[in-house]
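Just so we're on the same page: letters track the sequence lines, and every chain starts at 1.
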Amino acid sequence: MTENLGYNPDDADSIVEYARKLVGHSLREVLDIKVIQSPKQRRGSWGNAVEEYYFKYDLNSDSNPDFAQVGMELKTTPLKESTQGKFAAKERLVLTMINYMDVVREDFEHSHLLQKANDVLLISYLWRSDEDPLDYKVLVADRWHIPSEDIPQIKKDWETVVQKVREGRAHEISGSDTMYLEACTKAADSTVRRPQPFSDIPAKPRAWALKASYMTAVQSGLLEKMQHIQRAAGEKDLDLLALVRNRFEPFFGLTEEELARQFGMGRSKNLCARITRGILGVEDDAKIEEFEKAGIKPKTIRLQANGRPKEAMSFPAFDYFQVAEQPFEDSDFYGYLQQKYLFVLYREDSDGAYRLSDVCFWQMPDNDMEEAERCYLQMQNNIRTGHADVSVRSTENRCCHVRPHGQNSQDTNPTPHNGDVVKKCFWFNQGYLQDEIAKALG
DNA sequence: GCATGATCATGC
DNA sequence: GCATGATCATGC
């Protein structure tokens, strides 16, 4: 034990034991400091304070491990508490910068990323918007590494990203390309660009990160009932989409009623999610661990014989005051647009019955975000100028529109300038969904 | 036939 | 009681 440190930097167990003493406490309680920089001014300042004042080592931005003697990385990550009292990761967990020039020469098993995620000391704290960071409570401090059952999907994610760099398309990388691991943008400002090896087009700097949905699942895995999709011998190396398709295929051609009967389910509102659990062999009252980690929501879409979805897709009703005030990037709508879906597709047959015909994963492409923003800003302008009753029509926007979504026309929300107006929400256009589904099915 | 407005129904 | 997912109804 090194006296002035409080732990032995040559002994991983000693480091972890020392870290665990933080659990249940705030930095103010354990450190003799009065102020740290606000995370609003400098991201990661809470984590920096832990490194600097609790573990007392020099901040490094080089690529050596934080605890170099034992090869362990320290990662701190904020959790937020929902109104229902559940904890969720507030943000993705950034592991290490991607060097486009080097990464194309790596293979996954020996990648820089795996080295960084091989042995992690994970410290999670409860973030509160109205609290001094010094008072954030530490909830978890534990040693962690990527579990072996997640490796096939993470490898697939890694290769998806690296493949784009190898094809000279690093500038086209998107967080929506992948499931657990993502290449998230990371730069001081949005104008910074880095060179890539197989194209002259410079690309945004990106870092390897585990998605917020993945970190949420990691944190809550022990608390909530979650089940893996059990893999048969021949399915061990399948990525998530391949596995899900494999399981759904034998049921193609059945109607929703036939499927419900097969799994002994009555008519119920969340039938899609329940049938999905049934087909994937997960108990009815459990969550699908893989879907939690990837943040995937199953959604039924009924396609008419001509391929057009029968209905548009709705989001929760919005608050007129919030839309009036919030910039697009801070809005709830923006958050909903980051959602990944498993579309469970039923297609109308010649006899008029809707039969299970396909499944695909989908997330709104980054390129369409601008069009969605245009819809948001147009509605925002309507509300601000005293026309909250005027919606954005589906003919006015390629991707989405605004429509009522309440109990009935008496079901209203207050507005800044028009009194009470019927509850409304944003919707994905049917035509847009049709195009996107066609693309997703190839 | 489609866009838009309106409403139903389940489950928390 | 209300949010949310799903669907119906009307009028252009």
Side-chain angles (χ1 to χ4, degrees), chain A residues 81-86 88 224-225 255-257 259-260 263-277 284-287 291 295-323 331-333 335-348 352-356 359 362 371 375 378-379 382-383 387-415 418 420-435 437:
Chain A
E81 192 173 7
S82 73
T83 42
Q84 292 92 33
K86 292 186 176 171
E224 286 191 62
K225 187 163 182 188
T255 65
E256 204 171 29
E257 291 70 32
L259 284 163
F263 293 108
M265 295 162 183
R267 180 86 223 159
S268 77
K269 186 168 174 159
N270 52 358
L271 196 58
C272 176
R274 298 183 68 201
I275 288 175
T276 300
R277 281 194 288 266
D284 205 14
D285 59 349
K287 289 183 169 167
F291 283 18
I296 294 168
K297 217 160 125 179
K299 182 109 193 163
T300 297
I301 295 188
R302 266 164 259 277
L303 299 174
Q304 299 171 94
N306 61 13
R308 188 185 166 81
K310 212 163 153 256
E311 304 291 343
M313 217 174 101
S314 70
F315 295 103
F318 54 68
D319 179 314
Y320 289 101
F321 285 87
Q322 267 187 26
V323 175
S331 67
D332 289 352
F333 182 43
Y336 300 143
L337 295 177
Q338 319 282 322
Q339 176 72 49
K340 221 184 240 305
Y341 296 96
L342 170 72
F343 285 158
V344 180
L345 302 169
Y346 291 80
R347 200 178 289 269
E348 189 180 20
Y354 283 88
R355 300 180 182 283
L356 183 63
V359 284
W362 183 78
E371 185 70 354
C375 179
Q378 191 175 332
M379 191 61 219
N382 289 353
I383 299 170
H387 300 100
D389 54 317
V390 179
S391 298
V392 178
R393 295 162 185 285
S394 60
T395 48
E396 295 176 291
N397 193 285
R398 184 171 56 82
C399 301
C400 30
H401 64 278
V402 176
R403 238 162 78 197
H405 192 214
Q407 208 69 292
N408 52 45
S409 56
Q410 317 313 313
D411 192 11
T412 60
N413 269 335
T415 70
N418 300 91
D420 291 345
V421 171
V422 65
K423 281 183 189 169
K424 288 192 224 178
C425 73
F426 292 98
W427 301 69
F428 278 134
N429 295 348
Q430 280 150 285
Y432 175 62
L433 287 174
Q434 177 172 7
D435 294 346
I437 289 168

- Residue list, side-chain hydrogen bond (donor to acceptor under 3.5 Å, both in side chains) with A/Asn429, at least two apart or on another chain: A/His401
To the nearest Å, give me how far apart [atom1] ([X]) and [atom2] ([N]) are.
X        : N     : atom1 : atom2 : value
A/Arg308 : B/dC2 : CZ    : C1'   : 7 Å
A/Asn397 : B/dT4 : CG    : C1'   : 15 Å
A/Phe318 : C/dA3 : CZ    : C1'   : 15 Å
A/Asp411 : C/dA3 : CG    : P     : 7 Å
A/Glu256 : C/dG5 : CD    : C1'   : 12 Å
A/Gln304 : B/dC2 : CD    : C1'   : 10 Å
A/Glu396 : B/dC2 : CD    : C1'   : 16 Å
A/Phe426 : B/dT4 : CZ    : P     : 15 Å

- Query: How does each nucleotide of nucleotides 6-12 of chain B score, in 5' to 3' order, for protein heavy atoms under 4.0 Å: base (B), sugar-phosphate only (S), or none (-)?
  - Reply: BBBBBS-
- Item | salt bridge (Lys or Arg N to Asp or Glu O under 4.0 Å) contacts touching residues 387-402 of chain A (sequence neighbours left out) |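 As it turns out, the salt bridge (Lys or Arg N to Asp or Glu O under 4.0 Å) pairs with a partner in residues 387-402 of chain A, which skip direct neighbours, are A/Asp368-A/Arg398.
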[Y] backbone acceptor or donor facing [X] side chain under 3.5 Å:
X        : Y        : value
A/Arg277 : A/Asp284 : yes
A/Lys310 : A/Glu348 : no
A/Gln339 : A/Gly295 : yes

- Relative to the 5' end of DNA chain B, which residue comes earlier, A/Asn306 or A/Asp389, by the nucleotide with the nearest heavy atom?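 Whichever sits nearer the 5' end wins; that is A/Asn306.
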- Parallel, tilted or perpendicular: which fits the ring planes of A/Phe315 and A/Phe428, with parallel below 30° and perpendicular above 60°?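 Because their plane-to-plane angle is over 60°, the rings of A/Phe315 and A/Phe428 count as perpendicular.
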- Message: Going by the rule salt bridge (charged side-chain N to carboxylate O under 4.0 Å, His left out), which residues pair with A/Asp319 if we only count those two or more places apart in sequence or in a different chain?
- Response: none
- Once you round to the nearest 0.5 Å, how far does CZ of A/Phe426 lie from CG of A/Asn397?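 Between atom CZ of A/Phe426 and atom CG of A/Asn397 there are 10.0 Å.
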- Under 4.0 Å between a side-chain N/O of A/Lys424 and OP1 or OP2 of B/dG5, yes or no?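 For A/Lys424, the contact criterion (side-chain N or O under 4.0 Å from OP1 or OP2 of B/dG5) is not met.
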- Message: Holding to ring pair (Phe, Tyr, Trp, His ring centres under 6.0 Å), I want the full list of residues that pass it with A/Phe321, two or more places apart in sequence or in another chain.
- Response: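 Partners of A/Phe321 by the ring pair (Phe, Tyr, Trp, His ring centres under 6.0 Å) criterion come out as none, since no residue qualifies.
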- Task: Rounding to 10 degrees, work out the angle separating the end axes of the helix from B/dG1-C/dC12 to B/dC12-C/dG1 (five pairs an end).
- Result: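 End-to-end axis angle for the helix from B/dG1-C/dC12 to B/dC12-C/dG1: 20°, rounded to 10°.
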